[in-house]
Amino acid sequence: MGLLSLTYRRPAYVDKDNVRLSDDADAGQNTLSNTPTNDSEAGLEKTEQSLKRVNSGSIAGIPPALSFDNIIEGGTCPPCTVRDFMNYLIYVERAAENLQFFLWYRDYMKRFEQAKTWDLALAPEWTPAMEEEAIQKIQREQAEKARKKPNSKTGGMTVEIFKGTDFDKGSTPVLSSPRGRSTSDLPEGTRTGSNDPFGTPPDTPRGYHHDTFSSEYVGSNMATTYHTQASDAFTAAGIKQPLTIQPFRKEIDRVIATYIMDDAPRQLNLSDKEQKAVLHALAHTTHPSAFRIIIMPTESALRRQAHPNFIRWSICNGNPARVFFARGLGVALILLSTVIALVLTLSKAGRGYRALAAIGWMLGISTLIAAYKGMCVVLHGLHHRHIRPWELFMAEEEDGEEGTQAKRSFDSFGSGNSYEEEPWVVRYQKRNVIRKIFDREVWIQEPMLRQIQDTIAVQSMLCALVLSAILTAIFVAVPGGDLF
């Protein structure tokens, strides 16, 4: 297999904040560029095309064989598969919810388009004009709230101090309720109209019992729980409850409870405007176009930030301990070769012997440059890579009842993505440094990744050759010291 261009550079690291700012700048243009349509299938096709159009630009350092679409479609080999991508987002980037939501949305679009049930008429397309109207309504409500705030700093401070206490004339007593809700959030007939601190509050209504919290996440009545959580999200946003007979409504409730509402186990990084806008859309319809305002920045973050960082990370064939060891080895070879060159220069040995230091410089500089890019030249010579820490104990833990987070990560409506409690974390931390340096290895199956590593190795050798030639010429040209 040939090499890439000798001017090849691996993808640059992309910060999350930079991607978020660019998405905010493009959001208005993408919304205004779309035109409304009444045809459901045409709307689905337009939404899918707009997603690809926003993020279709190629990223420097990523060949087409390792493109985002090729990885998602399963056209790559380990360690660049969609499962490897998911593991990277869980254990390294800690932002797997974007990919989990994106994979669910792609599947949801296909299932919605293929559905031929009568109730599809109850889920019309959410057009860009409707989305713009909802956003303007949200902005007006936020502006009204800002105007209602007290102008006086002293008066505002006084109100805040006594807010929620017995001295707040407009407040109601706070009852014990799940998730910290006050009595103002409870249904009519469950609040007390008196501010008497010694008054006995009424019995907590059914559905707000303390034991409800544990039953919300386990048990057989999960559909009712998701519906309740989605209803709470609509109420908190001041939105009218949606029709329950719309198609896929139960699944949409799970999406809201898992990805959109506050404190969701896989809550997406949404602004307040985006969260309320998508809730407005989902209260109106279950059509996939209702997710337009959040799926576009989510996919943009995957394509522009997560995917380039994943490819950059995959190029590294050694774990941090091995890479640090390779850097130290490279520095040691350079220093040792320099000492040898100095000794030969100060001695009575012929000038030609000083050129022997070029061998050490060549090896040391090439090793150091490759290690700077996360590669170990020894592992590269075998086209091997270190097994990731979570992969080391994967086979043992898959036999357990619950499995690892990586095994559950493709569940669209699973729990959170935290992995700190997994057994392998403690076990790997207890491994000594020597064992980590010479950890288990596996062959790299992805041909394009091997080609990229070959190119980086050749670049390192060429740079080492040039620098070694310069150092050799300098030491050979210097007159001998004839000291011994």
Side-chain angles (χ1 to χ4, degrees), residues 11 13 16 66 68 71-72 74 76-104 258 265-267 301-302 305-326 371 373-376 379-380 382-446 449-450 453:
Y13 180 79
K16 295 181 181 179
L66 296 179
F68 177 81
I71 292 176
I72 296 299
T76 53
C77 300
C80 295
T81 63
V82 65
R83 178 168 291 278
D84 296 308
F85 191 18
M86 181 71 77
N87 290 339
Y88 166 78
L89 293 176
I90 292 175
Y91 299 114
V92 181
E93 200 76 23
R94 299 197 178 198
E97 60 275 359
N98 287 337
L99 182 58
Q100 290 164 340
F101 177 74
F102 173 76
L103 293 177
W104 169 84
T258 306
R266 297 179 180 179
Q267 185 177 358
L302 287 172
Q305 187 262 336
H307 174 239
N309 291 348
F310 168 65
I311 299 299
R312 178 185 175 92
W313 177 79
S314 299
I315 293 174
C316 304
N317 59 5
N319 57 31
R322 182 62 169 261
V323 173
F324 183 81
F325 175 76
K373 297 183 178 181
M375 286 179 50
C376 172
L379 291 175
H380 171 260
L382 302 172
H383 278 149
H384 283 189
R385 67 171 179 88
H386 269 156
I387 297 180
R388 312 301 184 190
W390 51 88
E391 296 174 335
L392 284 170
F393 312 101
M394 185 84 67
E396 301 177 13
E397 295 178 356
E398 281 183 349
D399 296 334
E401 296 181 359
E402 297 183 358
T404 61
Q405 178 61 47
K407 188 177 180 181
R408 302 188 302 268
S409 58
F410 283 90
D411 296 337
S412 299
F413 304 108
S415 58
N417 295 315
S418 176
Y419 65 89
E420 286 78 5
E421 300 299 327
E422 292 186 7
W424 70 264
V425 176
V426 177
R427 295 179 61 181
Y428 187 76
Q429 290 175 348
K430 292 181 178 180
R431 296 169 78 94
N432 58 67
V433 177
I434 302 300
R435 192 175 181 184
K436 290 181 180 179
I437 293 176
F438 300 99
D439 226 330
R440 291 168 55 189
E441 306 168 9
V442 66
W443 186 61
I444 297 175
Q445 301 180 34
E446 174 54 45
L449 186 61
R450 296 199 304 267
Q453 293 176 340

Check whether more than 12 heavy atoms from other residues, nucleotides or ligands sit under 6.0 Å from atom CD of Glu421, and answer yes or no.
no

Rounded to the nearest 0.5 angstrom, the CD-OG distance for Glu446 and Ser314 is 9.5 Å

Would a distance-only check, ignoring hydrogens and angles, find a side-chain to backbone donor-acceptor pair under 3.5 Å from Asn317 to His383?
no

How about Gln100 and Asn417: does a side-chain donor come under 3.5 Å of a side-chain acceptor?
yes

Nearest-0.5 Å distance, CZ of residue Phe85 to CD of residue Glu93
8.5 Å

Which residues share a side chain to side chain contact (heavy atoms under 4.5 Å, CB included) with Pro78, sequence neighbours left out
Thr81, Asp84, Gln445

Once you round to the nearest 0.5 Å, how far does CZ of Phe325 lie from CG of Asn319?
12.0 Å

Any heavy-atom pair between the side chains of Phe438 and Ile434 that's under 4.5 Å?
yes

Might you confirm whether atom OH of Tyr428 has over 12 heavy atoms from other residues, nucleotides or ligands at distances under 6.0 Å?
yes

Output the distance between atom CG (Asn309) and atom OH (Tyr88), rounded to the nearest 0.5 Å.
4.5 Å

To the nearest 0.5 Å, atom CZ of Arg94 lies from atom OH of Tyr419 at 3.5 Å

Exercise: identify the closest heavy-atom pair between Leu302 and Phe102:
CD1-CB, 3.6 Å

Using a 3.5 Å distance criterion without hydrogens, assess whether the side chain of His307 forms a donor-acceptor pair with backbone atoms of Leu66.
yes

Side-chain contact, heavy-atom cut-off 4.5 Å: Ile444 with Pro79?
yes

So, the side chain of Arg322 versus the backbone of Ile437: is there a donor-acceptor pair under 3.5 Å, distance only?
yes

May I ask you to test the Tyr13-Arg312 pair for a side-chain heavy-atom distance under 4.5 Å?
yes

4.5 Å side-chain heavy-atom contact, Cys77 and Leu449:
no

May I ask you to establish whether Arg83 and Trp390 are in a cation-pi arrangement, using a distance under 6.0 Å from NZ or CZ to the six-membered ring centre and at most 45° from the ring axis?
no

To the nearest 0.5 Å, atom OH of Tyr91 lies from atom CH2 of Trp424 at 6.0 Å

NZ/NE/NH1/NH2 to OD/OE distance under 4.0 Å, Glu391 and Arg385
yes

Residue Arg431 excluded, over 12 heavy atoms near CZ under 6.0 Å:
yes

Please tell me if the side chains of Lys373 and Ile315 come closer than 4.5 Å, counting only heavy atoms from C-beta onward.
no

Check against side chain to side chain contact (heavy atoms under 4.5 Å, CB included), Asp439 and Ile387:
CA-CA 7 Å; Asp439 226 330; Ile387 297 180; over 6 Å; no

